[in-house]
Every structure is written in structure tokens, then in C-alpha cells.
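Everything below concerns the one structure shown next.
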Number of protein chains: 2
Amino acid sequence: MRLTAFSNYALRTLQFAALRAPARTRIDEIADAHGINRAHIVKIVHLLGREGYLETRRGRGGGFTLARPPEAISVGEILRLTEGPFELVECHHAPTNTCPLIGVCRLSKALAKALDAFLASLDAVTIADIAANRGALLARLSPESDADQAPEPSGRGAVVHHSGL
Amino acid sequence: MRLTAFSNYALRTLQFAALRAPARTRIDEIADAHGINRAHIVKIVHLLGREGYLETRRGRGGGFTLARPPEAISVGEILRLTEGPFELVECHHAPTNTCPLIGVCRLSKALAKALDAFLASLDAVTIADIAANRGALLARLSPESDADQAPEPSGRGAVVHHSGL
DNA sequence: TTAAAGATAGACGCAGGATATATCTTTTGC
DNA sequence: GCAAAAGATATATCCTGCGTCTATCTTTAA
């Protein structure tokens, strides 16, 4: 049982934006920080923008910021968005189900209940919560500058500082 | 987020064995019932036998039964066995972690806690629980004979009745 | 008008899991 | 003791979802 890297990076993108607020964050910053390809974060930012979690802005000086207060975005709702339908087992998806026990199977129900417990636990956690220890996180993200946005601009393709995330 | 079919069938194998108890169950019965290849259930029965959940017996008249009372086997422990290490995100596996936030990241901790909630929910469910409504389950598994083991023997390769599971 | 930024499209690779086949060993019944 | 029935074991192959990459377009500010 594993979450997709897509979900993981989506949450880290929001966490990063919360840390940078009220300044804007750029896609390349996050991609460089993780040492991964731009395209991943591009897709994530695009989706989160469409769904009203990020305010994106094109062009020079652009970037994105949280579209809502971080206390108003829960980890659970992001996972519901990025992880696709949560079908732990085949029989949770009626159209393709082949199990004749459907409707009377208590295993299926127990699994659904456990999934609810999982999501409920994450519904109680917000982006503000996972960005609360700002100092410690920023120290890891950009060891040289603690609380302000990195001043030096970076080119598109060249990985400049690779501070990791 | 999805469980493997392997885990799903492992639980159904135990559920089936509980329903059949104290009679023995054969691998082919379950494979035929699901309409899947023998090899899947073979691997599962072998593992569950090795780990002390099933008593297996070779040869004519062989098959397997639960090695413990069904109340003493929880769904959670089976999942821990069959699902491999539960690493929801990359950073939960220290050897391959690349995230510099490791140790201070509250997202990582929140995910671990949610996973605990998931497993705790399933630790409270036993094989006895998911086989409790015996009548309803058996009616679906073998519509013609309700409470006794199907009398007709079935050959190895030929799918005979395909009652589904 | 140029550089910096997000938006969009599409191709490709690949690991894990699902599926299948073949054969060996053990046990019982005749 | 032989044959049939059952689990044990090994190996091969397919396939889907996810991750990865490249290229190009559009918007915006200096």
C-alpha cells in the first residue's frame, strides 16, 4: 500500500508554498529542490490551481501562492483529489466487480471502514499544521537563508543550487 | 491507494476456510470459485501455511484448514504479512529516502499516524467476524448446497462449476 | 522585444504485480 | 505397489499504472 509520488509532491508543494507565504513560489524552485523533473510539479501546480488551492500567475515575476489560508486546507482533501478513487480492493468498484459476495461481505465493509479511519485522521491535519515548524523546515530547505526567499534567480534548465526538499 | 490482489485473496482464502471448517478446503476449490489461476492461491496457501495460519496436508484427501481459531486471526495481521512493508511515501523507507526534511517533517508523521489508524481498525476485525454471517456467504458461494461441503469432486485443470467467490 | 514564468501535449521506460505453465513430491485408496 | 489426487516449487511472460522526459505554446513584466 503506497501513495503515488504525485500525491506526495502535491502535499509538499502546498507545504512549500505555505512556508514561502506571502511571497510567491516558482515551479522550478520546487523541482530543483527535489531534484526531479519540472513536468511533475507543473502537472501538480496546474491541478491545484484549477481546483482552487493555488493562485497561479504566469509571466515574469509569476509563480503561485496558496489560494486559501493554510488552516483551511486539509491533507485529507488533497489526497482525495490527487489519489484518485480510493478502491482498496476490486470489489469496491462496482462496474468491474467479480466477487459474488458483494453486498454481504463483511471483509469489504471492514476495509471501507479502515479507509475511513485513515482519511479521517488526515482530515484533521491541515497545511498549516505541516508547515507550523517553519524554522526547522526552512533550515533544511535553504540552509544559508532562513526566513526570506532566495534572492538569486535561477535559469530554466540549469540546476543551480539544488538545496533539496 | 490499493491493496494487492494477493492480499485480497489471502483474506478470502482464510474466510473460505473458516466457512468450511472443520472440513478441509482445496486450492482448486478457491481458484475455481474466483475464476483465477491455481498459482495465485498456491502461493497464498504456501505462505499462510509457513506462517502458521493454515494447516496444509498433501496427497489424496488433502487440503488445508485454519491452524488457529478464527477469532485468533486478525485481518490486520494478515495484511501486515501479505502487503509487505507499509511505506506510504518514499521517506518512510530510510535507506532510499531523499527528502531533507526527514526527522522534522510533520507530514511524514501525520501519514504514519493515519496508517496506524487504518491498521488498528483492521486489527479489531477477525476472520471469525468476516465469516460470521455464514448462511448468507455460503448461499452466494454454492447456491445449491447451503451448509455442507460440495460433494462432487473436481478435476485439476477443468473448471467445473465456477460458482464464483 | 526579450526573458521569465506557467500551460499544454505527447512519447517513452520500467518495476511490480498479475497470469500462466510445467514439474516434483507426498499421501491415500485400491 | 501403482495410480490418482493433492500441495510444493520454479520459472517465464504479460501488462498496467506510474514515473520520466522533451518540446513547444502562451502570458506577463522589465
Side-chain angles (χ1 to χ4, degrees), chain A residues 1-10 13 17 23-32 34-50 54-65 82-85 87 89-90 93 96 98 149 152-160, chain B residues 1-10 13 17 23-32 34-50 54-65 82-85 87 89-90 96 98 152-160:
Chain A
M1 196 168 79
R2 215 182 155 110
L3 299 178
T4 60
F6 187 88
S7 293
N8 190 21
Y9 288 135
T13 296
R24 272 193 275 280
T25 304
R26 277 169 288 113
I27 284 177
D28 286 309
E29 286 184 280
I30 297 187
D32 291 353
H34 283 82
I36 60 175
N37 194 279
R38 265 194 92 208
H40 297 152
I41 309 298
V42 163
K43 286 177 196 166
I44 287 164
V45 167
H46 182 49
L47 173 68
L48 293 177
R50 273 202 299 119
L54 290 180
E55 289 249 354
T56 63
R57 187 153 152 199
R58 290 181 167 193
R60 178 179 283 229
F64 51 88
T65 57
T82 60
E83 198 65 14
E87 284 149 6
V89 283
E90 181 227 22
H93 185 63
T96 62
T98 62
Q149 54 274 33
E152 96 262 14
S154 68
R156 167 69 57 88
V159 173
V160 179
Chain B
M1 196 168 80
R2 216 181 156 112
L3 299 178
T4 59
F6 187 88
S7 294
N8 190 20
Y9 287 135
T13 296
R24 272 193 274 281
T25 304
R26 276 170 289 113
I27 285 178
D28 287 309
E29 286 183 280
I30 297 187
D32 291 353
H34 284 82
I36 61 175
N37 194 280
R38 264 195 91 204
H40 297 152
I41 308 298
V42 163
K43 285 178 197 165
I44 287 165
V45 167
H46 183 50
L47 174 68
L48 293 177
R50 272 202 300 118
L54 290 179
E55 289 250 353
T56 63
R57 185 153 154 202
R58 290 181 167 193
R60 177 179 282 227
F64 50 89
T65 57
T82 60
E83 198 66 14
E87 283 148 7
V89 284
E90 181 228 21
T96 62
T98 61
E152 96 261 13
S154 69
R156 167 69 57 88
V159 173
V160 179

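The chains referred to below are lettered A, B, ... by the order of the sequence lines, with proteins before strands, and numbering in each begins at 1.
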Side chain of [X] (C-beta onward), nearest among [options]:
| X | options | result |
| --- | --- | --- |
| A:Ile27 | C:dT21, C:dG6, D:dG7 | C:dG6 |
| B:Arg26 | C:dA7, D:dA6, C:dA18 | D:dA6 |
| B:Val42 | C:dT19, C:dA7, D:dA8 | D:dA8 |

Margin query: Before you tell me yes or no, could you show the steps for A:Ile41 and A:Ile27 under side chain to side chain contact (heavy atoms under 4.5 Å, CB included), namely the whole-Å CA-CA distance, both residues' side-chain angles and the distance that decides it to 0.1 Å?
Written below: CA-CA 6 Å; A:Ile41 309 298; A:Ile27 284 177; 4.0 Å; yes
Rounding to an integer number of Å, can you tell me how far [X] [atom1] sits from [N] [atom2]?
| X | N | atom1 | atom2 | value |
| --- | --- | --- | --- | --- |
| A:Ile36 | D:dC21 | CD1 | P | 9 Å |
| B:Leu48 | D:dA8 | CG | C1' | 14 Å |
| A:Leu3 | D:dC18 | CG | P | 11 Å |
| A:Glu87 | D:dG17 | CD | P | 12 Å |

If you compare every side-chain N and O of [X] against the phosphate oxygens of [N] (OP1, OP2), does one of them come in below 4.0 Å?
| X | N | result |
| --- | --- | --- |
| A:His46 | C:dG6 | no |
| A:His40 | D:dT20 | yes |
| B:Thr4 | C:dG16 | no |

Notebook entry, point to check: Where along nucleotides 10-15 of chain C does protein come under 4.0 Å, by heavy atom, of base (B) or sugar-phosphate alone (S), with - for untouched nucleotides?
Noted result: B-----
Next item on the list: I would like to know whether A:Thr25 and A:Thr13 meet side chain to side chain contact (heavy atoms under 4.5 Å, CB included); could you show each step before the answer?
Entry: CA-CA 9 Å; A:Thr25 304; A:Thr13 296; over 6 Å; no
Notebook entry, point to check: What nucleic acid atoms does A:Gly63 come within less than 4.0 Å of, heavy atoms only: base, sugar-phosphate, or nothing?
Noted result: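 If one applies the 4.0 Å heavy-atom cut-off, A:Gly63 turns out to touch the sugar-phosphate alone, with no base involved.
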Next item on the list: Mind checking B:Thr25 for me? I need base, sugar-phosphate or nothing, with any heavy atom below 4.0 Å counting as a touch.
Entry: sugar-phosphate
Just the table, please: protein N/O against nucleotides 28-30 of chain D N/O, every pair under 3.5 Å.
unit_1, atom_1, unit_2, atom_2, d
D:dT28, O2, A:Arg60, N, 3.2
D:dA29, OP1, A:Arg57, NH2, 3.1

Notebook entry, point to check: Is a side-chain donor or acceptor of B:Arg38 paired with a backbone partner of B:Asp28 at a separation under 3.5 angstrom?
Noted result: no
Next item on the list: Under the ring-ring contact (aromatic ring centres under 6.0 Å, His included) rule, collect the residues that match up with B:Phe64, sequence neighbours excluded.
Entry: none
Checklist line | Parallel, tilted or perpendicular: rings of A:His40 and A:Tyr9 (30°, 60°) | finding: parallel
